[in-house]
Engineer: 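Once you've had a glance at the structure underneath, I'll fire off some questions.
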Number of protein chains: 2
Amino acid sequence: MSVRLGLLAILNQGPCYGYQLRREFDRRTGSAWPMNIGQVYTTLDRLVRDRYASRMESDGDGQVTYAITDQGRSEVDTWLSSPVVREGASRDELVMKLAIAVTLPGVDIARVIQAQRTATLQLLQSLTRVKNSTTDPTSADELAWLLTIDAMIFAAEGEVRWLDHSEARLVRAVAEGGVEPLPLSGSKVRRGRPVKAAANE
Amino acid sequence: MSVRLGLLAILNQGPCYGYQLRREFDRRTGSAWPMNIGQVYTTLDRLVRDRYASRMESDGDGQVTYAITDQGRSEVDTWLSSPVVREGASRDELVMKLAIAVTLPGVDIARVIQAQRTATLQLLQSLTRVKNSTTDPTSADELAWLLTIDAMIFAAEGEVRWLDHSEARLVRAVAEGGVEPLPLSGSKVRRGRPVKAAANE
DNA sequence: ACAGCCATGTAACTTGTTACATGATTTT
DNA sequence: AAAATCATGTAACAAGTTACATGGCTGT
């Protein structure tokens, strides 16, 4: 929903044609999320379909202009005035990966964590380099770009912290015994057999 | 790619039928990502299509068992041994939202940030409550669940920190002047008609 | 009898995304 | 003249997701 709404929010500034809309999007995000031009058109089609925008075949020269509708405007207002709500556990791939990995026998979780940490630290370094080589923002788009870099840095830092924390927790869990990887509960035990509860002993 | 690979990784433990696979997934993730049973079957179909799994209509009683293939096994190995790589700027909705919002005239960014912070802090509180009411893990699935909660907490904390940081940066940018929201660049400047800049008044 | 879980699936739809086709205009 | 950019689109696909249909079996 974010690309869609991002484009709509820009369209809210005034009518645009597709190509221009991409230019605006790229400019405003400092090309942090390079946008394929095709996606602009598919998204515009869908916005029109859903009555958030309308298509005005204005000129005779084939230039197609899109304008936001009232419905679209209220959608943008809502978007901007209500927080992004993270449903349940965000389906973050790394989290899911580690969550499942710890339940799997024969997986060296310490190594998984180590590999991730290395990668993330490297990313963090290159991000920091980028940030340090950036001058103070003189326009809104430069500011937006900086905020994006910041966000990535914060996320990466958080990820590393979480990895460290998880590793510690793992060490502790192993030390205290108890925690063993899960076998498949009653693989094929079914049909008649009760089996219930699964679990570990 | 994470649901897909998560299921495949469980299938790597041994053949399963669909319903059982969901049970395993839910158990191992502490139901952090409740999985619709339909999705298990669609995903299994796609895994079979892509040769990561094979279907074995074993029993006569309609029970359909799926098994991982060699290709699937190597896919899981790769997944577990290589880090999750965050491409460019992750298309995080909040980040994109703020990035675009700061370039928009007539948007009270401070309020956007404030609303988000409130929501995130609330989430953080409820997460902390959940965490504190959780006992030490005695099985791998409990551990997985805890790691997931931790991840959410770290992410939420990072988000709040980033919001604070962004707010400060905004204040500074405004104080130093310079940074103004962007109007649409040359809406329709080409092609004869000038059409002006849209915008807000 | 009825509720509820076990079990399998299908059809449809969403957003995101890319590869490709097409042509006009502008710049080099 | 060739290369780049402007400009519009389409077809196709991926992954995620849900709503629904169907039926057997189990416990109350």
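Remember, predicted model here, so these are calculated numbers, not experimental data. Protein chains get the first letters and strands the later ones, always in sequence-line order, with residue 1 at the start of each.
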Engineer: Using a cut-off of strictly less than 4.0 Å between a heavy atom of the residue and any atom of DNA chain D, enumerate the qualifying residues of residues 42-49 of chain A by number.
Structural biologist: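 Listed by number, they are A:T42, A:D45.
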Engineer: Using five base pairs at each end to define the local axes, how bent is the helix from C:dA1-D:dT28 to C:dT28-D:dA1, to the nearest 10°?
Structural biologist: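 The helix from C:dA1-D:dT28 to C:dT28-D:dA1 shows an end-to-end axis angle of 10°.
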Engineer: Grab the two heavy atoms, one from B:W33 and one from A:M96, that are nearest each other, plus how far apart they are.
Structural biologist: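 For B:W33 and A:M96, the tightest heavy-atom pair comes out as CH2-CA, 3.4 Å.
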Engineer: Could you state the CD-C1' distance from A:Q39 to C:dT17, rounded to the nearest angstrom?
Structural biologist: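 A:Q39 atom CD is separated from C:dT17 atom C1' by 6 Å.
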Engineer: As a test of reading the structure: which of D:dA15, D:dT8, D:dT18 is closest to the side chain of B:R4, going by heavy atoms?
Structural biologist: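 Within the option list, the nearest is D:dA15.
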Engineer: What is the distance, rounded to the nearest whole Å, between atom CZ of B:R22 and atom C1' of C:dC6?
Structural biologist: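 From B:R22 CZ to C:dC6 C1': 10 Å.
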Engineer: How many whole angstroms separate atom OH of A:Y52 from atom P of C:dT14?
Structural biologist: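 About 11 Å, once rounded to whole Å.
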Engineer: Both A:L5 and B:Y66 contact DNA chain C. Which one's nearest nucleotide lies toward the 5' end?
Structural biologist: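 Whichever sits nearer the 5' end wins; that is B:Y66.
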Engineer: Using atom CG of A:N36 as one end and atom C1' of C:dG16 as the other, report the distance to the nearest whole Å.
Structural biologist: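 For the pair A:N36 CG and C:dG16 C1', the rounded distance is 10 Å.
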Engineer: About how many Å separate CD of A:Q122 and OG1 of A:T118, when rounded to the nearest 0.5 Å?
Structural biologist: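 One gets 7.5 Å once the value is rounded to the nearest 0.5 Å.
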Engineer: Going by heavy atoms in the side chains, are A:I10 and A:L21 under 4.5 Å from each other?
Structural biologist: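 Yes. Closest side-chain heavy atoms under 4.5 Å.
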Engineer: Do A:R22's NZ or CZ and the ring of A:Y19 fall within the cation-pi criteria of under 6.0 Å and 45°?
Structural biologist: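 Satisfied, under 6.0 Å and within 45°.
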Engineer: May I ask you to say what B:G18 touches in the nucleic acid, namely base, sugar-phosphate or nothing, with a heavy-atom cut-off under 4.0 Å?
Structural biologist: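 Counting heavy atoms under 4.0 Å across all strands, the contact made by B:G18 is with sugar-phosphate only.
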Engineer: Side-chain contact, heavy-atom cut-off 4.5 Å: B:L170 with B:I113?
Structural biologist: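 With C-beta onward as the side chain, the pair touches.
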Engineer: Donor-acceptor pairs are to be reported for all side-chain atoms of residues 150-161 of chain B against protein atoms at under 3.5 Å, with residues two or more places apart or in another chain.
Structural biologist:
| from | atom 1 | to | atom 2 | distance (Å) |
| --- | --- | --- | --- | --- |
| B:D150 | OD1 | A:R169 | NH2 | 3.4 |
| B:D150 | OD1 | B:K131 | NZ | 3.3 |
| B:D150 | OD2 | A:H165 | ND1 | 3.3 |
| B:D150 | OD2 | A:R169 | NE | 2.9 |
| B:D150 | OD2 | A:R169 | NH2 | 3.1 |
| B:E159 | OE1 | A:R86 | NE | 3.1 |
| B:E159 | OE1 | A:R86 | NH2 | 2.8 |
| B:E159 | OE2 | B:Q116 | NE2 | 3.2 |
| B:E159 | OE2 | B:T120 | OG1 | 2.8 |

Engineer: In whole angstroms, how far is the P atom of C:dG9 from the CG atom of B:L21?
Structural biologist: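 It works out to 13 Å between those atoms.
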Engineer: What is the distance, rounded to the nearest whole Å, between atom OH of A:Y19 and atom P of D:dT8?
Structural biologist: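 Result: 10 Å.
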Engineer: Got a salt bridge between B:R23 and B:D26, using NZ or NE/NH1/NH2 to carboxylate O under 4.0 Å?
Structural biologist: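 B:D26 and B:R23: not salt-bridged.
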Engineer: Over how many whole Å does the gap from B:I37 atom CD1 to C:dG9 atom P extend?
Structural biologist: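 These atoms are roughly 10 Å apart.
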Engineer: Between A:R117 and A:Q114, do the side chains contain a donor N or O and an acceptor N or O under 3.5 Å apart?
Structural biologist: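 Side chains of A:Q114 and A:R117: pair found under 3.5 Å.
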Engineer: Heavy atoms only, 4.0 Å cut-off, all strands: where does B:R55 land among base, sugar-phosphate and nothing?
Structural biologist: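 Sugar-phosphate contact only - B:R55 comes under 4.0 Å of backbone atoms but never of a base.
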Engineer: Specify the separation, in whole Å, of atom CG of B:D50 and atom P of D:dA14.
Structural biologist: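 Going from B:D50 (CG) to D:dA14 (P), I get 7 Å.
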Engineer: Should A:S2 and B:K97 count as side-chain neighbours, where that means a heavy-atom distance under 4.5 Å?
Structural biologist: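 No, every pair of side-chain atoms sits at 4.5 Å or beyond.
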